[in-house]
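Here is the structure we will look at.
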Amino acid sequence: MRSLSQFLASDVSSASLQEVLLVTTQTCIEISSALKKGSLAGILGMAGNENVQGEEQKKLDVISNNMLKSALLASPTVRAIASEEEDDIVPASTDGEYLIAFDPLDGSSNIDINSMVGTIFSIYHQVGSEPATEADFLQPGKNQVAAGYVLYGPSTMLVFSTGHGVHMFTLDVEQGEFILTRENVKVDTETQEFAINMSNQRFWSEAMQNYVNDLVAGKDGSRGKNFNMRWVAAMVGDVHRILCRGGIFIYPWDSKDPNKAGKLRLMYEANPMGMLLEQAGGKAFTHTDRILDIQPDGIHQRVAVVLGAANEVDKCLSY
Ligand code: F6P
Ligand code: MN
C-alpha cells in the first residue's frame, strides 16, 4: 500500500508541486480532525458574517479557510491564493510558482446535520510578474496543473489528478497519512442515476425541464429505462458518488438569474471537478460550453454545470 508521499515522489515529477499538494492535503487532515470533534470543540454554528457571495459563513467555513490560507501562504511554493471565503486574492510574500484557488468547506450547510462536506482545490502555474494579481488567476481550467478534493465523510478521502488519471486515497487516522486505495478511476459512459435539486424545476429552461421529465418518465418515456435520483447537497459528495459508481450531476442556470449563470463557482468548484471528470473519462459542460475552455472573468464567477457520464452529458446537452 502506497502512502501519498510515496505516490507523489514516484508519480509527480515536480518537487514544488509535490510540496504544494502535501501542504494542502496535510491541512485538510487537520480540518478533518476539527470536523470530527464537532460540537465538542464549540466550532459548529454561524460565524456571524457573510462571504462575498452574500452567503452566511459558518464558523467552520472561516476556520477551514484560515487554516488553508495560513498553511499555503507560508509555503515557499505558493505565489497567491483565492478562496470562496476571501473577497480578493491573497498574495504570498514569496515568489512561489503556484496559484491555488479553493473552496475550504464545500456544502457547509451539511455540517449541522453531520453529513458530507469537503475541501475543493485547483492549482495553476503563476503566469504574471510579482506581486500576483487577480488577472493571474483568470486562466481557463484546462491550464490546471492539479485539482482535487478532500471529502470528509465516514472516512476522509483525498481524490486528485495532476493530468495523469484520477486517484483516490483514504486517510489512515492512526498514521495521519493518506493511503492510495483506488488508482485510475474511470466513469462509465452510460448511467441510470442523476443528481439535481428538483425544487428549482419551475425556474429551469424549458429544455432542462423536458430532459428531466424524460428521466423521471423512466421505462414509460422516450428514454426507455428507469433512472434513480440522489442529492447529497454538497457538490463534493455528489461528484464523489459519480466517480465511484457513475451518474450525472446538474446544477443548471435558472430564471432567477438573468445572467444565465448557475449557483456553482467556476474557479474552485466547476473547474477542479471538471478536470477530475475529464481525467476519469467523463465530461463537464455548462449548458453550452466545455467548462475547462471557459476564459474566467472573475475569481468568484458562477457557471451552470452538467457533469458525469459522457453519453448522458451529451444527451442532456442535446435538449
Ligand atoms: O457550494 C455550493 C453548494 O453547497 C454545493 O456544494 C451544492 O451542490 C449546492 O450548493 C447545493 O445547493 P442547493 O441544495 O441549495 O441547491
Ligand atoms: Mn462550495
Side-chain angles (χ1 to χ4, degrees), residues 24 28 31 35 46-47 49-65 67-69 81-87 100-122 141 147-153 157 159 193-204 208-209 212 229-243 247-257 261-277 284-286 291 296 298-308:
T24 307
C28 290
I31 295 174
L35 286 165
M46 309 311 294
N49 314 312
E50 275 189 359
N51 66 18
V52 65
Q53 345 263 338
E55 296 160 343
E56 270 196 279
Q57 288 177 315
K58 307 255 175 203
K59 281 187 205 163
L60 272 164
D61 285 326
V62 176
I63 293 170
S64 319
N65 182 58
M67 286 165 80
L68 281 164
K69 181 178 167 183
I81 60 148
S83 162
E84 175 174 347
E85 306 302 339
E86 300 281 338
D87 297 1
I100 298 120
F102 55 85
D103 179 351
L105 209 56
D106 178 59
S108 55
S109 59
N110 274 358
I111 293 168
D112 300 337
I113 57 164
N114 194 23
S115 189
M116 273 193 267
V117 290
T119 297
I120 310 173
F121 58 88
S122 161
Y149 60 82
V150 173
L151 176 71
Y152 311 109
M157 292 193 70
V159 179
E193 195 161 78
F194 69 100
I196 192 166
N197 185 343
M198 295 285 291
S199 69
N200 292 320
Q201 187 163 19
R202 68 190 188 282
F203 302 112
W204 300 336
M208 187 54 73
Q209 304 216 21
V212 174
M229 198 202 83
R230 282 289 181 271
W231 183 249
V232 175
M235 186 192 200
V236 72
D238 283 306
V239 168
H240 188 69
R241 184 188 59 256
I242 290 174
L243 289 172
I248 185 168
F249 168 89
I250 309 170
Y251 214 110
W253 65 270
D254 67 42
S255 59
K256 287 176 283 177
D257 180 2
K263 176 180 185 185
L264 300 177
R265 275 55 58 107
L266 174 64
M267 300 239 27
Y268 39 82
E269 294 179 321
N271 271 339
M273 296 312 203
M275 177 169 177
L276 294 180
L277 258 298
F285 277 73
T286 66
I291 285 172
I299 51 170
H300 299 295
Q301 180 178 349
R302 293 174 189 268
V303 286
V305 173
V306 181
L307 62 75

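In listed order, ligands and their atoms are each counted from 1. For the single chain, residues carry numbers from 1 onward in sequence order. The basis for the numbers below is simple: all heavy atoms, side chains too, and nothing from hydrogens, waters or symmetry mates.
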Per-atom contacts, ligand 1 versus Tyr251 - under 4.0 Å to a heavy atom: 12 (O), 13 (P), 16 (O)

- prompt: Is Asn197 in polar range of ligand 1, meaning some N or O pair under 3.5 Å apart?
  reply: yes

statement: Nearest heavy atom to atom 12 (O) of ligand 1, choosing from Lys263, Glu84, Met273, belongs to Lys263

query: Taking the six-membered ring for Trp, are Trp231 and Phe249 parallel (under 30°), tilted (30 to 60°) or perpendicular (over 60°)?
result: parallel

- prompt: Which of these, Glu86, Glu84, Glu85, sits in a side-chain hydrogen bond (donor to acceptor under 3.5 Å, both in side chains) with Asn65?
  reply: Glu86

- request: Report, in ascending order of atom number, the atoms of ligand 1 lying under 4.0 Å from any heavy atom of Met235.
  value: 5 (C), 6 (O), 7 (C), 8 (O)

message: Could you tell me, atom by atom, which parts of ligand 1 come under 4.0 Å of a heavy atom of Arg265?
response: 1 (O), 2 (C)

query: For atom CG of Asn114, is the number of surrounding heavy atoms from other residues, nucleotides or ligands below 6.0 Å larger than 12?
result: no

task: Using a strict cut-off of 4.0 Å, indicate which atoms of ligand 1 neighbour a heavy atom of Asp106.
output: 1 (O), 5 (C), 6 (O)

message: Under a 3.5 Å cutoff, is there a donor and acceptor pairing between the side chains of Asp61 and Ser108?
response: yes

field: Geometric N/O contact Glu269 with ligand 1, under 3.5 angstrom
entry: yes

- prompt: Does the Gln201 side chain pair with the main chain of Gln209, one donor and one acceptor, at a distance under 3.5 Å?
  reply: no

Taking every non-hydrogen atom, the tightest pair across Tyr268 and Ile120: O-CG2, 3.3 Å

field: Residue-atom pairs from the protein, N, O or S only, that lie under 2.8 Å from the Mn ion (ligand 2)
entry: Asp103 OD2, Asp106 OD1, Glu269 OE2

- request: Hey, could you give me the CE/CE distance between Met157 and Met116, rounded to the nearest 0.5 Å?
  value: 11.0 Å

query: At their closest point, which heavy atom of Gly148 faces which heavy atom of Leu276, and how far apart are they?
result: CA-CD1, 4.1 Å

query: Arg302 side chain to Lys263 main-chain N or O, any donor-acceptor pair under 3.5 Å?
result: yes

